[in-house]
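First up is the structure itself, then whatever we jot down about it.
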Protein chains: 2
Amino acid sequence: KVGLFYSFTVMVRCAGITIYYCATLVLKLWCIHFLFPIYVHNPHLDALKDDILYHFSLGTGSHNLPAMFGDVKFVCVGGSPWRMKSFTEFIAAELAMEDPKSEYPNICAGTDRYAMYKVGPVLSVSHGMGIPSIAIMLHELIKLLHHAHCTDVTIIRIGTSGGIGLEPGTVVVTKQSVDATFQPKFEQVILGKTVVRSTDLDQSLAQELLQCSKRLNQFETVIGNTMCTLDFYEGQARLDGAFCSYTEADKQEYLLKAKEAEVCNIEMESSVFAAMCKLSGLRAAVVCVTLLDRLKGDQLSSSHEVLNNYQLRPQKLVGSYIKQSLAFFLYNTQNTSYL
Amino acid sequence: KVGLFYSFTVMVRCAGITIYYCATLVLKLWCIHFLFPIYVHNPHLDALKDDILYHFSLGTGSHNLPAMFGDVKFVCVGGSPWRMKSFTEFIAAELAMEDPKSEYPNICAGTDRYAMYKVGPVLSVSHGMGIPSIAIMLHELIKLLHHAHCTDVTIIRIGTSGGIGLEPGTVVVTKQSVDATFQPKFEQVILGKTVVRSTDLDQSLAQELLQCSKRLNQFETVIGNTMCTLDFYEGQARLDGAFCSYTEADKQEYLLKAKEAEVCNIEMESSVFAAMCKLSGLRAAVVCVTLLDRLKGDQLSSSHEVLNNYQLRPQKLVGSYIKQSLAFFLYNTQNTSYL
């Protein structure tokens, strides 16, 4: 009887331990899936001892990514490193976090491929020009956010573009990113084969940005489709490139067809940005100012002062949106330093 | 009779003036066509009062381009602005034109899109990452060379790449640039339609560079095909991106197929570089060092010192080639400052 009782006790203990481990495993998986959304979709990453984010000059072995980036809630990306630095200074002032002594160090100072700055929960990263350049940045940014266990991240591209039938200086919040044939898709070549990906963006975020601009009431903002091309000159029907085999009439016909497809502006990064953000579960928006009306010309002949003023508009809109969002989230907390 | 003689004299004079103007016009056209090869193929450019090279922050109205660039004979382009600055310092020393007091000012200091440096007849320009980024730069560079009336220009891309079955550090001179399906073509989208362009490079220049490397005898150099992709991660069968839907075996199979198609290395700019240089009549070559063997891995885990040493190799080879070429051209001149 003693033996039986002993066996029973051991079995109960084993069962208890098993239940305990199963429960912690389930809890861990729940945490990973719901509290820490999986931004990456790559089973091979687990096998890496260290993950080197080469184009950022960062890595899991060399940097404590959760400590450096764990609090990130907003990521703003744009082509020019200068513009992303100036956005950092602007957002620091907006959130009352500016430090007159600080120079806002470039976190990616070990490379000249991209520049990265951080102020509180806002990360600002440059991505260069064109789909391949922003795609490299996004692969490494998504891995960075994953390694840093970031949650509930909103990402917004602030950029410049050519408008179609809009007054220069108008800000366009992208409804859908379309390709050069006005289709809402991005073609990714994998192992030599083309895979089509959706370019859907977060519609509620786009509407929130539009409302925010209405409250700001400083410049015209519209919602419309954005055409994303692989080339700035021939790819956008410009007449001022080194090569041009079409007429002014051909150009006008193409741009008017784009306008019929509700294309408001043309730029060079939105399609892969939308596709990769959708795949990774990031809430994403594209906010670009139009520097000229492409129906009226091709060359950026406005003064530097005017163009610089236009380029500040997406920064102002997104800065205002971030300030408002943080005020909402931090309403009941003591941390008012962002407000 | 006096009246007739007078009329005859006037006719002779008129005929003389007409012949004179026709002759100078023919001479001018001959000069433009043969001495100043037309690098651009765009009839609309003549209608522009000023041509603004926006991404260089230069223009025909604001800068004296023939005075600034008329003597350019070699253009070296590469992704990183830092690398192109260091190449400028290197070539200045090679050509005995270094000025210890000079900081080699960035000619495109008014923008952060590209960086440009000049030493004697050598122009060094950065182009960022990917086909769209280098294409914008090349459109404006070709127009710049055209406006500056440059002749006999050789252009060489010096870059980094992933090797296939080569020892890391090997330099590859591109025989032909191929796409992700190993075809020697570049697809340019114009007015929403795809136009296929040839990616032929100058074979004699490639052979001259190979011979030059043999004489230099400092590192292994090979001639082979270069695969040009639109993406660094999924587009190059990497297993370490944010997304990966294929296995290690799939990756190996794809890379071995590339090897069978005589692909020695993979990078992201050569196809549009080759296509645009061929269209514009520029003698062009691509010289890239391999930073790793992609059959053995994906991550750039070599030390910064080793990688920096590798990145100097294309600079050394091209520097040596330029020095040798200038020595040949300037053999009978008094201008030996380049030698």
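Residue numbers begin at 1 in each chain, while the letters A, B, ... track the order of the sequences.
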Report which part of [X] has an atom under 4.5 Å of a heavy atom belonging to chain A: side chain, backbone, both, or neither.
| X | result |
| --- | --- |
| B/Met227 | neither |
| B/Tyr54 | side chain |
| B/Asp51 | both |
| B/Leu291 | side chain |
| B/Leu144 | neither |
| B/Thr247 | backbone |

Identify the two heavy atoms, one from A/Leu239 and one from B/Asn42, that lie closest to each other, and give their separation to 0.1 Å.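 In terms of heavy atoms, the two residues are closest at O-ND2, 2.8 Å.
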Looking only at heavy atoms, what is the nearest atom pair of B/Leu191 and A/Ala237, with distance?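 Reported closest heavy-atom pair: CD2-CB, 3.5 Å.
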Given side chains that start at C-beta, do those of [X] and [Y] come closer than 4.5 Å, heavy atoms only?
| X | Y | result |
| --- | --- | --- |
| A/Phe243 | B/Gln188 | no |
| B/Pro132 | A/Pro132 | yes |
| A/Leu230 | B/Leu230 | yes |
| A/Asp240 | B/His44 | no |
| B/Arg238 | A/His139 | no |
| A/His304 | B/Ser57 | yes |
| A/Tyr254 | B/Lys193 | no |
| B/Arg113 | A/Ser80 | yes |

Side chain to side chain contact (heavy atoms under 4.5 Å, CB included) for B/His55 and A/Met129? Distances and angles first, verdict last. CA-CA 11 Å; B/His55 300 88; A/Met129 288 187 288; 3.8 Å; yes
Check whether A/Leu48 gets within reach of chain B through its side chain, its backbone, both or neither, counting any heavy atom under 4.5 Å.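 Just its side chain gets close to chain B.
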Counting heavy-atom pairs closer than 4.5 Å to chain A, which one of [options] comes out on top?
| options | result |
| --- | --- |
| B/Tyr233, B/Tyr246, B/Phe182 | B/Tyr233 |
| B/Ile190, B/Ile142, B/Thr229 | B/Ile190 |
| B/Val189, B/Thr181, B/Ile136 | B/Ile136 |
| B/Ala135, B/Ala180, B/Cys244 | B/Cys244 |
| B/Leu255, B/Leu53, B/Asp250, B/Thr111 | B/Thr111 |

Count the heavy atoms of every other residue, nucleotide or ligand shown that sit under 6.0 Å from CD of A/Glu262, and state whether that count exceeds 12.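 Check fails, neighbour count at 12 or below.
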NZ (B/Lys259) with more than 12 external heavy atoms under 6.0 Å: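 Not buried by this count: 12 neighbours or fewer within 6.0 Å.
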For A/Gln299 and B/Ile52, indicate whether the former's side chain and the latter's backbone hold a donor-acceptor pair under 3.5 Å.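 Yes; judged by distance alone, with no hydrogens or angles, the pair exists.
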Shorter than 4.5 Å, heavy atoms on both sides: which option in A/Gly128, A/Pro43, A/Gly241 has the most such pairs with chain B?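 Counting heavy-atom pairs under 4.5 Å, the top option is A/Gly241.
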Sort out for me which of A/Ser245, A/Gly61, A/Gly130, A/Ser133 touches chain B most, counting heavy-atom pairs under 4.5 Å.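 The residue among A/Ser245, A/Gly61, A/Gly130, A/Ser133 with the greatest pair count is A/Ser133.
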